[in-house]
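Labels below follow one simple rule: chain letters A, B, ... track the order of the sequence lines, proteins then strands, and each chain is numbered from 1. Please read these numbers as outputs of a predicted model, since none were measured by experiment.
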Amino acid sequence: MAVTFLQPGSPTRRFLGDFRESWIATGALAVVVLIVLLAVFAPWITPQDPYDIANLSLADARRPPGFVGSEGYVHVLGTDAQGRDLLSAILFGLRISLEMGLAAGLFSFVLGASLGILAAYLGGRFETAIMRFVDLQLSFPAILLALVLVALLGQGKGQLIVALVAAQYAYFARTAFGAAATERRKDYVEAAAATPLSGRRIILRHLLPNALPPLIVVATVQVANAIALEATLSFLGLGLPETEPSLGMLIANGFQYMMNGRYWISVYPGIALIVLIVAINLVGDQIRDQLNPRLRR
Amino acid sequence: MSAAAVLQVAGLSTSFFTKAGVARAVQDVSFTLGRGEVLGLVGESGSGKSVTGFSLLGLVDPPGRIVAGSVRLEGQELVGLPSHALRKVRGRRIAMIFQDPMMTLHPVLSIATQMGLAIAAHERVGRAATRARCIEVLNRVGIPGAAERLDAFPHQISGGMRQRVDIAIALLHRPAVIIADEPTTALDVSVQAQILAEMRSLVAESGTSLVWISHDLAVVAALSDRIAVMYGGRIVEEGPTDVVLTGPRHPYTQGLLDSLPSRAKPGTELVQIPGGTPSLLALPEGCPFRPRCPRETEICRTMPEPTGDALRRARCHHPLVLSPAEAA
Amino acid sequence: MLGFVLQRILQAALVMLAMSALVFVGVYAIGNPIDVLISPDATQDIRDATIARYGLDRPLWEQYGGFLGRLLQGDLGRSLVFGVPVLHLILSRLPATLELAVAAVLAATLIGVPLGMYAGYRPDSPLSKTIMTVSILGFSVPTFWVGLILILFFAVELGWLPAGSRGETVEVFGVGWSFLTANGLKHLILPALNLSLFKLAMMIRLARAGTREIMLSDTVKFARAAGLSDGTILRRHVLKLISIPIVTVFGLEFGSTLAFAVVTETIFSWPGLGKLVIDSIQSLDRPVMVAYLVLIAFLFVLINLSVDLVYALLDPRLRRGQVA
Ligand SMILES: Nc1ncnc2c1ncn2[C@@H]1O[C@H](COP(=O)(O)OP(=O)(O)O)[C@@H](O)[C@H]1O
Ligand SMILES: [Mg+2]
């Protein structure tokens, strides 16, 4: 099983081949992988543990890129307001941003896909109720919903993930429902549903596989969106607590110093953030184009 | 003949440069259209009739382009004319009507607006005069209550009425030539006959020349003075309507005639030409009709040159009726 | 037409009811309702009095009824921070946000539609490719980051434009407007640009897709055959057709523009609703939050309703009961 899907001529193989043809997407994927690796191994490759207050010296604060600090090494990207090495802070910030984005994406995926597929499978009142609610929510800006939830639930990683999931699951639900409902109406599924075969079988064998490709596209985009949303909330001071400095918070902390020319405290974390988001989006764009039957030749 | 020639087409070739290859949709097409004359351009779907029509107006969109030939309208060369000059010709001196009237009119502009824009494209006319002119032309194409219809939107009138509006737009500037690309194909049979009759009297009274494109030989026969038969992007036979109908030279024309229901002897089956339309991306070497032709021989692997004169000619190595020159 | 309008108004009222229930459940039932109404350091007497006054000891559905009743009378409570009626507070901040949002959506439309139409008309030109790249960036780069970069370039580095507050305002109808003074207008440019970027990207995409499709249609080919110039065709035929989805998005996005104003107003210290709501979240001024949510929900419903109606005006096919 693990080997067959990579055999020549298999759809997965063809998919990967097509993907490699676009050098932009391939480059973007390489960037994403690199960032993930940097984030995962941050504790081993950064010159400093930015969370350890003992490491920080105010004498090193707000120094420009290239400054050699009291610890004796070069602060390649400069230091922030507390004297943190910015490069270390950014890599640790990426860790948190990715963690939040992936967790929110995963939970939204599971919740949204389950609701959407269940609505398509059960139909009737359940479908109407769920999908009406989802549509209503989709017309409402995700950022406001997340904002309000964070305000109600308080700060913290768990709370933030709940807020992000609440703001995002609806996209998955709509997508899953769309694909699953089309499949559900096909004759062979109708026929299968009429037999005493278990519903689980229909859902797992027919509905889920058909909903999966569009869901994957939504998932890529939504992970990027979750990262952006988390950064926005943290920038507004409503995301994570001070002890978990994500990229958004780094940018916010540097904001006040930007006005008097100390641009790097905000700008470098920001560049890291948008490189990550844009790279994920480019990968997502390519996957969408490849899965879109209308663009297929 | 050439003194009264309104449109002279010579060696016209148009190709589409697609990813899959070069589609030579129109190749070496030549014909002459006299003033007030109706030329029927007939051929199977995909034979290049529409592309010929678009080429005459310089309306071939990329990836297509006219690669060779000349189109002279009242003596003026149109091929290679800059786009702004071409625009001034279109609609004023040569106009075109399309197949599906459901697709040609703008869905959310009123008929008055659309006709007004067509007038304003070539002339500065005041509001009242524009309106009067629209009503006059709509009346001419047989639209009852033209004054009220003018303010309607396309979805509020029938398909036949829409096609009449299209015809009215083509007639607005009294062009010397109108290309009518299967204008009745999408309509009900009864409406078809009406519009056919109206077109005939319209061109007769206005002296407009007409190129009437159709896949239906019967329609063309009823209307045209002369017939040109297209196959695989080329004109394979051309001549006065009655001559072509009674004595076709090209086996393809014969095949078309045999498949006409009105010509079949009662009780016999209709004869269909065997095989299908060739792909323009992979035309056979030599005569394009060769694979389907009952008279095919070795020489058909070379492209036959037209034989006869400008009034009556065919492209065939084994014509059914010899031209005077060949007979001699 | 009248039936259509009535039907839409009824639908809007129903959605509004559902929205108010959601906000009620969200804030009053999930959070501790008493926290929403009085400050945490109020005395026990005030606490009890408030509980009695708002009927917090009553069953939930009864409370919802009361909430709805007060809502209809415009009673949204008092701000804990400012000590004034919330409605008053919100209405005083609304003009600044409306001004910003309208400027942003207008900018997005006036810049985005021509750019998108050009990209659709000449899809292979280098300029079109540049336009599309910018629109991809506009979609993925977070608003707050763009705002920061705008400030860095135009305010800090170049010093051309101010980076905060509304500047001078002029009183019209009892409220101050920035766009009427040169100084105010200068203050408006950066925030409006910032807020418009996402919509700009969206408008470009919409206009491009629509233009491309329409330019290939028989309608355009027929118009060309009649001698219309490409300019006329773009201005009359294409614009008219793409205006239908654009008005829809213009309207629908106006609501989300109000929402994103939260971010822009914070960055540019624009004293509007968004800044108010962020401040009240940070200071736990919950009555303001509730009122803001209800107002936004109301605006959303109102916008959806108007879009439907404008839509019907633009597209004669949607109007029924006319001569066939
Ligand atoms: N836009 C296009 N792109 C590529 N090929 C085209 C295009 N338009 C026409 N063609 C080619 O030209 C051929 C003739 O088309 P057309 O003139 O429309 O045929 P007809 O009108 O006789 O049915 C088509 O079969 C196709 O191969
Ligand atoms: Mg055709």
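- For the pair A:Phe235 and C:Ile267, the minimum side-chain heavy-atom distance is below 4.5 Å.
- Heavy-atom distances place no part of A:Ala224 under 4.5 Å from chain C, backbone and side chain included.
- Defined by atom type and a distance below 3.5 Å, a donor-acceptor pair is missing between the side-chain atoms of A:Ser108 and A:Gln222.
- The candidate from C:Leu148, C:Thr266, C:Val262 with the greatest count of non-hydrogen atom pairs under 4.5 Å with chain A is C:Leu148.
- With a threshold of 4.5 angstrom between heavy atoms, C:Leu152 approaches chain A through its backbone and through its side chain.
- Contact of A:Val267 with chain C is made through backbone and side chain together, with heavy-atom distances under 4.5 Å.
- When all heavy atoms of A:Ile277 and C:Ser140 are compared, the closest pair comes out as CG2-O, 3.2 Å.
- Using a 4.5 Å cut-off between heavy atoms, C:Leu258 makes no contact with chain A at all.
- Heavy atoms of C:Phe139 lying under 4.5 Å from chain A are absent altogether.
- Note on C:Ile296, C:Ile136, C:Val277, C:Thr143: by heavy-atom pairs under 4.5 Å with chain A, the leading option is C:Ile296.
- At a 4.5 Å heavy-atom cutoff, the contact between A:Leu273 and chain C is made by side-chain atoms alone.
- Contact annotation: the side chain of C:Leu190 approaches that of C:Phe268 to within less than 4.5 Å [non-hydrogen atoms, C-beta and beyond].
- In this structure, the portions of A:Leu236 lying under 4.5 Å from any heavy atom of chain C include both its backbone and its side chain.
- Judged purely by distance below 3.5 Å, without hydrogens or angles, the side chains of A:Ser246 and A:Ser234 pair a donor atom with an acceptor atom.
- Looking at A:Leu144 and C:Tyr292, their side chains come closer than 4.5 Å, going by heavy atoms from C-beta outward.
- Shown here is C:Phe153, whose CZ atom has no more than 12 heavy atoms of other residues, nucleotides or ligands within 6.0 Å.
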